[in-house]
Amino acid sequence: LKSRTDDFSKQQHAKLEKFLLQLSAQQITKQQFQDAMVDMKTLADMEVTLEKVATKASAQRVSEGLQKLVINGLLKAIPG
């Protein structure tokens, strides 16, 4: 997950740098730059949502694993 986040961050940084260079060289208009920034923000928001979902799924798997360990431990401790 961290590697994916780092990769995404590097990609976004590279895109931002490219757009800034294009704007300063007047290869794109101010409006095109602003549109690109809105797109980048939307993409970043989506990435945050994906990370939250992945983190929650991972936490649920850990929780289920711990529950199984506790239940199995209790069942073994009960004489029968």
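Residues Met40 and Phe33 share a hydrophobic cluster, clusters being chains of Ile/Leu/Val/Met/Phe/Trp/Tyr side chains in contact below 4.5 Å.
Here Asp45 pairs with Lys41 in a salt bridge; the nearest charged N to carboxylate O distance falls below 4.0 Å. With salt bridges taken as basic N to acidic carboxylate O contacts below 4.0 Å, none links Glu51 and Arg4.
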Name each donor-acceptor pair under 3.5 Å that joins a side chain in residues 14-29 to protein atoms two or more places apart or in another chain, with its distance.
| from | atom 1 | to | atom 2 | distance (Å) |
| --- | --- | --- | --- | --- |
| Ser24 | OG | Leu20 | O | 3.3 |
| Ser24 | OG | Leu21 | O | 2.9 |
| Thr29 | OG1 | Gln31 | N | 3.4 |
| Thr29 | OG1 | Gln32 | N | 3.0 |
| Thr29 | OG1 | Gln32 | OE1 | 3.4 |

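Atoms CD and CG, from Gln11 and Asp7 in turn, are 6.5 Å apart once rounded to the nearest 0.5 Å. Note that the NZ atom of Lys56 and the NZ atom of Lys52 stand 11.5 Å from one another [nearest 0.5 Å].
Note on residues 65-80: no pairs pass side-chain hydrogen bond (donor to acceptor under 3.5 Å, both in side chains), not counting sequence neighbours.
Looking at Ser58, its side chain never comes within 3.5 Å of a backbone N or O of Ala54 through a donor-acceptor pair.
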